[in-house]
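Written out below as structure tokens is the structure these notes cover.
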Amino acid sequence: MSDLARYRLVLAVLALATLILFLLSLTVGPAAIGFGDSLSALFSEKRDAIALIMREIRLPRALLGLMIGATLGLSGAVLQGWLRNPLAEPGLLGVSASASLGAVIAIYSGLSAAFALGLPLAALAGAVLAVLVVQAMAGLRGGALTIILSGVAVSAFAGAMTSLALNLSPNPFAALEIMFWMLGSLTDRSMTHVWLAAPFMLAGWAMLASLGRSLDALTLGNDAAVSMGVDVRRVQFLAVFGTAASVGAATAVAGAIGFVGLVVPHVLRPLVGARPSRLLPASALGGASMLLAADILVRIIAPGRDLKLGVLTAIVGAPFFLWLVYRTRRQLP
Amino acid sequence: MAGSRHPSCALCAGTAIAALVTACVPALAAEAPKRVVSMNLCTDEMAMLIAGPGQLYSVSYLASDPGSSVLADQAGAYLVNHGLAEEIFLMQPDLVIAGTYTTRTTVALLRRLGFRVEEFAPENSFDDVRANLKRMGDILGRQQRAGELVAELDAGLAGLEANKPPDKTVALYYANSYTSGSGTLADAIVKAAGLTNIGDTLGLTGTAKLSLELLLLANPDIIVNGDSHYPKPALAQENFVHPAYQALSGEKVAIPGKYTICGAPFMLEAARILQDAARKPEGAAP
């Protein structure tokens with residue numbers, strides 16, 4: 001099988017898996033509605049309880065699972081390609097945690113209630129700040145260690161500030177919501193959240209997806225890429241703002257979900273070859289599959305307990321991360 | 001003699017804590033305490049209702065929060081505490097009243113320091129409320145006042161029974177999608193109002209999650225959503241702005257949380273609000 005044929009096959013399989021998981025996500029929930037009934041209720045004219053459940057509860061949940069998973073997979077692949085660092089990922093770089101902080105400030109101060117776009121914009125601002133700080137600390141060609149260390153520091157700081165903001169809120173429920181912002185959840189999100197996040201995510205995807213060829217060139221090294229006509233500043237701008245817009249919007253509506261952006265590109269890289277331009281679409285589909293699967297499992301494992309998504313992604317992701325660190329350590333001189 | 005109590009307790013504490021509990025408490029119970037500190041909202045309210053003039057010295061800071069406490073106006077007459085061992089030690093009370101679920105470490109520390117601490121379990125039924133009112137009366141030496149409150153409660157319950165509205169289904173739907181199933185105070189209030197609690201029909205016990213999906217399927221006649229009196233928003237209340245929740249046809253009734261947080265005669269007020277809502281004709285403007 002030729003390289004290209006294999007790549008297309010991988011994409012087709014991932015797309016099929018994503019579609020199946022999307023449909024499954026629509027049919028899993030506490031209200032026991034049959035598979036056929038639930039899907040037909042989605043398109044029926046009636047406005048009974050089942051139609052309401054399908055359209056206003058399960059559809060936004062499945063859509064957000066799809067979009068957020070794709071966001072995390074895509075941004076993970078771009079960050080790993082751009083920083084040429086196997087450990088880069090929105091969660092580890094502190095992007096998710098900082099976006100959480102922005103969202104928390106917007107929601108609990110009442111800003112998002114007064115001005116709906118305040119929520120995704122504040123999350124975006126937090127995310128941009130995190131990437132810029134990490135990058136400034138590590139330099140454009142920063143080693144794995146400096147990037148991860150600054151990411152850890154930014155994450156810890158943003159996490160602490162999030163906890164502080166929630167603890168200081170005069171609303172006693174706020175402090176209990178620290179868990180949501182650290183681990184993420186899609187429970188009872190509504191179409192309002194979809195409409196709020198979708199434009200930012202789509203804009204972010206467009207920026208990130210346009211980077212494929214430049215990232216291919218960057219695999220040959222910075223100087224080689226420049227000599228091939230790659231505008232390094234433009235790549236940086238698109239990677240930073242594309243990640244910030246899409247991950248910021250994702251985090252603003254679902255909290256910080258870790259490890260998806262780390263695991264998915266690594267699993268798929270051997271399958272599509274080392275070219276980043278091929279990894280980007282595959283990672284987006286893979287991320288969507290992983291998040292949809294996690295969100296389905298959350299509802300099956302502990303129905304009625306609102307298990308957080310980050311718990312499941314970390315159970316898969318943390319051992320993988322350890323293995324990755326182990327491998328990276330062996331490669332160091 | 002009030003002055004002789006502390007030295008004797010200190011002596012007991014010097015030997016063993018177990019000895020303190022068994023030896024000192026019965027001796028103290030014989031005489032009504034004169035400087036009582038309560039450190040739990042529910043015991044605050046009960047003590048304010050029952051204590052004699054000058055007997056109650058301090059109540060918790062929650063007692064003066066008008067969103068949580070029915071007796072917020074009266075609470076200003078007492079010193080405020082935050083359930084911290086240090087501040088309570090400085091108040092030198094001869095009796096500390098606490099809830100069994102709150103500030104466990106503080107209670108243990110106060111006992112070590114030789115204070116008499118009486119703990120009250122949260123009430124889950126009207127029987128629990130009667131028992132706790134009577135016990136508070138015994139502890140404060142105000143049996144007669146406690147008896148009056150129990151009689152008031154029973155008369156109120158009889159009034160609710162006599163005044164039953166048509167049987168309707170009620171869903172209790174709180175922040176974070178929690179509800180009260182069977183064996184809870186809120187369930188007892190719904191039943192006392194002569195109505196059917198959806199949480200109970202769905203087989204939920206205690207305080208449990210009621211998913212929005214199941215609430216939509218149950219489609220209750222009345223939805224009790226508590227009230228939010230907090231100055232800033234939280235995600236916990238987002239379930240009330242969810243489009244699917246907004247589309248529910250049942251009548252939404254806000255029962256101020258202060259009437260249902262604690263087992264007290266105020267619960268009758270919550271049941272009356274429910275009965276009024278149930279008497280409204282179907283489809284009437286909210």
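Side-chain atoms are counted along with the backbone in the values below, which use heavy atoms only and exclude waters and symmetry mates. Chain naming here is simple, since letters A, B, ... match the order of the sequence lines and numbering starts at 1 in each. Note that the coordinates shown come from a computational prediction; the quantities given were computed from them, not determined experimentally.
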Requested in this report: Measure the spacing between CG of A/Asp48 and CG of B/Leu216 and express it to the nearest 0.5 Å.
Outcome: 10.5 Å

**Report entry** Point-to-point distance, once rounded to the nearest 0.5 Å, from CG of A/Leu52 to CD of B/Gln246
**Finding:** 11.0 Å

Query raised in the report: Closest approach of B/Ala234 and A/Ala174, non-hydrogen atoms and distance?
Result: CB-N, 4.1 Å

Query raised in the report: Which heavy atom of B/His242 sits nearest a heavy atom of A/Asp188, and at what distance?
Result: CD2-O, 3.1 Å

**Report entry** Spacing of A/Glu56 atom CD and B/Glu213 atom CD [to the nearest 0.5 Å]
**Finding:** 12.5 Å

Query raised in the report: Tell me, side chain or backbone of A/Arg55 under 4.5 Å from chain B's heavy atoms, or both, or neither?
Result: neither

Report summary line: Rounding to 0.5 Å, atoms CG (B/Leu235) and CD1 (A/Ile107) come to a distance of 5.0 Å

Query raised in the report: Would you find more than 12 non-hydrogen atoms of other residues, nucleotides or ligands less than 6.0 Å from B/Phe240 atom CZ?
Result: yes

Query raised in the report: Which residue out of A/Ser109, A/Pro303, A/Ala113, A/Ser112 racks up the most heavy-atom pairs below 4.5 Å with chain B?
Result: A/Ser109

Requested in this report: Could you grab the distance from atom CG of A/Asp306 to atom OG of B/Ser177, nearest 0.5 Å is fine?
Outcome: 8.5 Å

Query raised in the report: For the residue pair A/Asn171 and B/Pro233, what are the closest heavy atoms and their distance?
Result: ND2-C, 3.8 Å

Query - A/Thr187 portion near chain B, given a 4.5 angstrom heavy-atom threshold - result: neither

Query raised in the report: Would one find more than 12 heavy atoms of other residues, nucleotides or ligands at under 6.0 Å from atom CZ of A/Phe157?
Result: no

Report summary line: In terms of heavy-atom pairs under 4.5 Å with chain A, the winner among B/Leu210, B/Val241, B/Leu212 is B/Leu212

